[in-house]
Amino acid sequence: MVTRRRVIQAAVTGGAFALLPSGAGFGPTPLSSPTGRTALDPEGIEKYRVPLVIPPVMPQSDRGSADGIDHYSIGVRQFRQQVLPPGLPATTVWGYGCTEDSGTFHYPASTLEARVGRPVQVRWKNELLDRSGRHLPHLLPVDPTLHWANPPGGTGGRDGHPTFRSTPGPYTGPVPLVTHLHGGRNTEESDGYPEAWYLPDAVDISPGYARVGSFYDLYKQKAQAAYDVAWGPGEAVFRYANEERAATLWFHDHALGVTRLNVYAGLAGFYLLRGGPADLPEGVLPGPAPRTQDPSGRSCHEIPLVIQDRSFYADGSLLYPSGRAAFDGFKGPYVPDSDIPPIWNPEFFGDTIVVNGRTWPVLDVEPRRYRLRVLNGCNSRFLILKVVANPAAHRPADAALSFWQLGNEGGFLPAPVQLEQLLIAPAERADVIVDFASVRPGAALYLINEGPDTTFQGGRAGVDFAPAKPGTTGQVLKFVVQSQTSPDTSVPPSRLTLPSLMPLGTADRVRRLSLNEESSTVLPHIGPRRALLGTVDVHGKPVRMGWSDPVTENPALGETEIWEIHNFTVDAHPIHIHEVQFEIVDRRTFTQKTSSPPEPWERGFKDTAIAYPGAVTRLRATFDRPGQFVWHCHMLEHEDNDMMRPYRVGPAQNNPPKHEQGM
């Protein structure tokens with residue numbers, strides 16, 4: 001069998017940076033339903049039936065703001081939500097909410113509002129339990145053959161790669177969780193390390209199961225010593241110092257080997273950090289944003305948007321592939337006759353677009369400026385967004401309005417950038433202003449997506465790849481312009497002066513790192529079986545490494561380094577480094593001697609960067625917090641199957657928690 005990936009790889013011989021038309025026969029295989037359930041046809045889902053949900057502010061716990069710290073108690077629960085339009089079934093999802101107010105649970109979560117210099121402390125609780133206190137199984141198929149949290153392995157086999165004598169079915173036990181504040185610069189015990197997961201405090205967990213990950217007890221002890229805070233069963237308490245620049249952050253689950261599924265089930269939310277010297281005074285930008293206990297009907301002119309792709313069954317439940325065949329048609333052999341995971345899919349592309357937990361919603365706007373905080377929350381899909389007059393227009397469509405991008409993951413840019421479209425990789429954010437002042441009341445405009453319905457490799461929509469389907473994944477959100485109710489006193493973006501940036505210093509060291517894929521070692525032409533990070537040897541060849549290999553990135557505390565990311569794969573990857581905000585230095589293809597600077601919207605500080613195929617992307621970061629963190633691809637299917645590596649700042653641990661399996 002020749003897979004989609006093999007065909008592309010054959011065309012990119014020699015490692016040259018090439019742009020291929022992704023739509024030319026390389027689209028995703030239609031999703032199948034081995035369970036016999038019928039997939040919901042996205043063409044039959046009525047668009048623009050329901051208003052956009054603007055996430056409210058997450059309420060604090062009963063402790064409130066005690067001792068100069070904002071306290072929260074946030075749980076994860078299972079519930080039903082009307083994601084599809086009325087008339088279609090509700091969807092069972094997972095979401096975060098205040099444990100003291102069951103009405104706050106939602107997918108996506110309510111927004112955490114934070115202030116620079118004021119710590120936030122969150123008691124994160126795994127409440128995936130039924131009414132009798134028994135654990136709930138995962139909503140989606142968990143592949144137990146990956147290197148993953150593996151609670152059934154007990155303390156000797158957790159966070160390992162279990163061995164099976166025959167092909168297993170999906171794991172149905174209690175679900176491991178640990179929340180990561182994406183973009184936060186925090187101590188290691190509060191980062192959401194993938195091996196610091198914990199199960200719910202259920203009454204029916206088997207005695208042989210590991211209830212927590214390898215790093216959980218260590219971080220529990222560190223939190224107790226540092227903050228005098230106790231962690232109970234089924235929970236962890238994290239403290240966020242909020243010492244970084246004002247920025248658009250977000251939180252999501254990060255448990256080892258199941259992040260793709262936990263996020264797809266609904267575990268994501270915004271964390272907006274405001275104030276400090278790197279913010280603008282209130283009133284300069286469009287506002288207000290949602291606030292605690294807003295009165296009903298209050299208009300907001302700053303709106304967070306998390307855009308995701310999903311697929312559904314006809315009964316309203318989430319559809320996620322239950323076998324490898326959904327990716328490339330490969331139906332086995334699996335265990336023990338091959339090394340191909342039976343359930344894991346190398347990428348996932350849903351056929352329906354969901355914004356703030358609703359399919360294709362509509363937003364009423366006034367003829368004035370709006371601030372949109374845009375997050376690409378997709379598992380694998382890159383987005384190319386435009387505002388157009390006709391959602392069915394031939395792609396590439398003409399933009400009706402510009403975006404003025406003010407910021408990205410690390411806060412404000414050096415200066416506003418006027419753009420006709422936004423390219424946003426998974427986990428990237430764009431802080432933009434859209435001005436509807438020139439649009440007459442009663443008119444409608446549309447936010448569309450021209451990114452591909454498969455992996456992104458660079459290039460231009462309609463030239464180098466086929467854009468998303470105009471009738472489904474090519475549409476995102478409808479804007480309907482209403483009459484203006486109050487004057488717009490915000491400053492036009494062309495006249496904004498953004499807070500100054502202090503560039504990082506000269507690098508003390510350069511590291512050469514690699515992005516890789518690995519095909520089957522026993523079945524020719526079947527792949528990929530996993531994605532990998534690694535280093536680059538003296539000959540320029542990749543040295544592939546998995547999650548459990550020894551740490552190779554070990555910056556000294558306070559050191560500034562340049563990480564050269566060599567992408568030996570055929571796809572672009574969004575690379576995220578925990579704990580730091582970095583600068584993109586430049587890029588060059590493998591065959592070029594000269595490099596290109598970052599795009600204008602990539603300047604300043606970032607936490608996620610696109611690494612293009614056949615190219616070297618150079619990132620500069622200062623590692624000023626000691627501890628063990630991770631760097632990884634933020635295509636979640638890749639991250640979950642070994643495209644993630646631990647790195648350590650400061651002296652190596654003498655006795656770090658072991659990855660017990662196989663040691």
Restricting to non-hydrogen atoms, name the atom on Phe164 and the atom on Pro144 that form the minimum distance, rounded to 0.1 Å. CE1-O, 3.3 Å
Measuring from atom CG of Leu249 to atom CG of Leu181, what distance do you get when rounded to the nearest 0.5 angstrom? 5.5 Å
I'd like to know whether Trp631 forms a ring pair (Phe, Tyr, Trp, His ring centres under 6.0 Å) with Phe582, so could you lay out the CA-CA distance, the side-chain angles of the two residues, the decisive distance to 0.1 Å, and finally the verdict. CA-CA 12 Å; Trp631 68 287; Phe582 54 74; over 10 Å; no
If every non-hydrogen atom of Tyr216 is compared with every non-hydrogen atom of Ala236, which pair is closest and at what distance? CE1-CB, 4.3 Å
According to side-chain contact (heavy atoms from CB on, under 4.5 Å), who are the partners of Asn516, at least two apart in sequence or on a separate chain? Ser514, Leu532, Pro542, Arg544, Phe568
Given side chains that start at C-beta, do those of Val175 and Pro200 come closer than 4.5 Å, heavy atoms only? no
Answer yes or no: is there a side-chain heavy-atom contact under 4.5 Å between Leu636 and Tyr264? no
Shortest non-hydrogen contact between Pro174 and Ile205, atoms and distance: CG-CG1, 4.1 Å
Contact check, side chains of Thr535 and Arg645, non-hydrogen atoms, under 4.5 Å: no
Check whether any side-chain N or O of Asp537 sits under 3.5 Å from a backbone N or O of His539 as a donor-acceptor pair, and report yes or no. yes
Residue pair Val116 / Leu273: nearest heavy atoms and the distance that separates them: N-CD1, 3.6 Å
Between Leu272 and Thr248, is a side chain to side chain contact (heavy atoms under 4.5 Å, CB included) present by the stated rule, with each step listed? CA-CA 5 Å; Leu272 301 181; Thr248 306; 3.8 Å; yes
Check whether any side-chain N or O of Asp201 sits under 3.5 Å from a backbone N or O of Lys125 as a donor-acceptor pair, and report yes or no. no
Can you sort out the partners of Phe270 under ring-ring contact (aromatic ring centres under 6.0 Å, His included), two or more places apart, ordered by chain and number? none
Check for me whether the distance between the ring centres of Phe629 and Phe623 falls short of 6.0 Å. no
Side chain to side chain contact (heavy atoms under 4.5 Å, CB included) between Lys222 and Phe215: does it pass, once the steps are laid out? CA-CA 11 Å; Lys222 291 193 70 170; Phe215 276 74; over 6 Å; no
Pair Asn376, Glu428 - check side chain to side chain contact (heavy atoms under 4.5 Å, CB included), show working. CA-CA 6 Å; Asn376 181 342; Glu428 284 191 311; 5.5 Å; no
CD1 (Ile565) and CD1 (Ile610) are apart, to the nearest 0.5 Å, by 14.0 Å
Enter the distance from Asn554:CG to Tyr647:OH here, rounded to the nearest 0.5 Å. 11.0 Å
Rounded distance [0.5 Å steps], CG in Leu140 versus CG in Leu261: 5.5 Å
Considering only NZ, NE, NH1 and NH2 on the basic side and carboxylate oxygens on the acidic side, decide whether Glu188 and Arg648 come within less than 4.0 Å. yes
Non-hydrogen side-chain atoms of Trp563 and Ile577 separated by less than 4.5 Å: yes
Can you tell which of Tyr96, Tyr72, Tyr271, Phe238 makes a ring pair (Phe, Tyr, Trp, His ring centres under 6.0 Å) with Phe251? Tyr96
Any side-chain heavy-atom pair from Pro597 and Asp586 closer than 4.5 angstrom? no
Take the angle between the ring planes of His180 and His254 and call it parallel below 30°, perpendicular above 60°, tilted in between. perpendicular
Give me the atom names and distance for the closest heavy-atom approach of Asn150 to Gly157. ND2-O, 2.9 Å
Any side-chain hydrogen bond (donor to acceptor under 3.5 Å, both in side chains) pairs touching residues 230-241, not counting sequence neighbours? Gln121-Arg239, Arg123-Glu235, Trp124-Tyr240
Answer whether the closest heavy-atom distance between the side chains of Ile343 and Val142 falls below 4.5 Å. no
ring-ring contact (aromatic ring centres under 6.0 Å, His included) partners of Trp148, counting only residues at least two apart: Tyr171
Is any side-chain heavy atom of Val585 closer than 4.5 Å to a side-chain heavy atom of Leu619? no
With no hydrogens and no angle check, just 3.5 Å: does a side-chain donor-acceptor pair link Asp159 and Trp547? no
Kindly compute the distance separating CZ (Arg324) from CZ (Arg529), expressed to the nearest 0.5 Å. 11.0 Å
What I want to find out is whether Arg429 reaches Glu409 closely enough, with some N-O distance under 4.0 Å, to be called a salt bridge. no
At what distance, to the nearest 0.5 angstrom, does CZ of Arg381 lie from CZ of Phe348? 8.5 Å
Main-chain N/O of Ala114 paired to Asp70 side chain as donor or acceptor, under 3.5 Å: no
Between Arg77 and Glu127, is there a salt bridge with N-O shorter than 4.0 Å? yes
Please assess Asp253 against Thr259 for the test side-chain hydrogen bond (donor to acceptor under 3.5 Å, both in side chains), listing each intermediate value before the final yes or no. CA-CA 6 Å; Asp253 183 74; Thr259 298; 4.5 Å; no
Measure from the side-chain N and O atoms of Asn408 to the backbone N and O of Arg603, and report whether any donor-acceptor pair falls under 3.5 Å. yes
Once you measure the plane-to-plane angle for Trp94 and His138, does it fall in the parallel (<30°), tilted (30-60°) or perpendicular (>60°) bin? tilted
Short side-chain to backbone donor-acceptor contact, Asp508 and Glu559, under 3.5 Å: no
Residue pair Asp642 / Glu518, side-chain heavy-atom distance below 4.5 Å: no
Leu146 and Pro162: which non-hydrogen atoms are nearest, and at how many Å? O-CD, 3.5 Å
So among Thr179, Thr104, Thr99, Leu112, which one has a side-chain contact (heavy atoms from CB on, under 4.5 Å) with Ile74? Leu112
When you check the side-chain N and O atoms of Glu637 and Ser380, is any donor under 3.5 Å from an acceptor? yes
Going by the side-chain contact (heavy atoms from CB on, under 4.5 Å) test, name the single residue among Asp640, Ile575, Asn379, Thr455 that passes it with Met635. Thr455
Trp250: ring-ring contact (aromatic ring centres under 6.0 Å, His included) partners, not counting sequence neighbours: His182, His252, His634
Checking the side chain of Ser206 only, and the main-chain atoms of Gly208 only, is there a donor and an acceptor separated by less than 3.5 Å? no
Working for side chain to side chain contact (heavy atoms under 4.5 Å, CB included), residues Met644 and Leu256: CA-CA 10 Å; Met644 178 166 63; Leu256 185 68; 3.8 Å; yes
Does either side chain, that of Ser65 or that of Gln60, offer a donor lying less than 3.5 Å from an acceptor on the other one? yes
Please confirm whether the ring centroid of His632 lies under 6.0 Å from the ring centroid of His638. no
Holding to side-chain contact (heavy atoms from CB on, under 4.5 Å), I want the full list of residues that pass it with Arg185, two or more places apart in sequence or in another chain. Glu244, Gln581, Asp624, Arg625
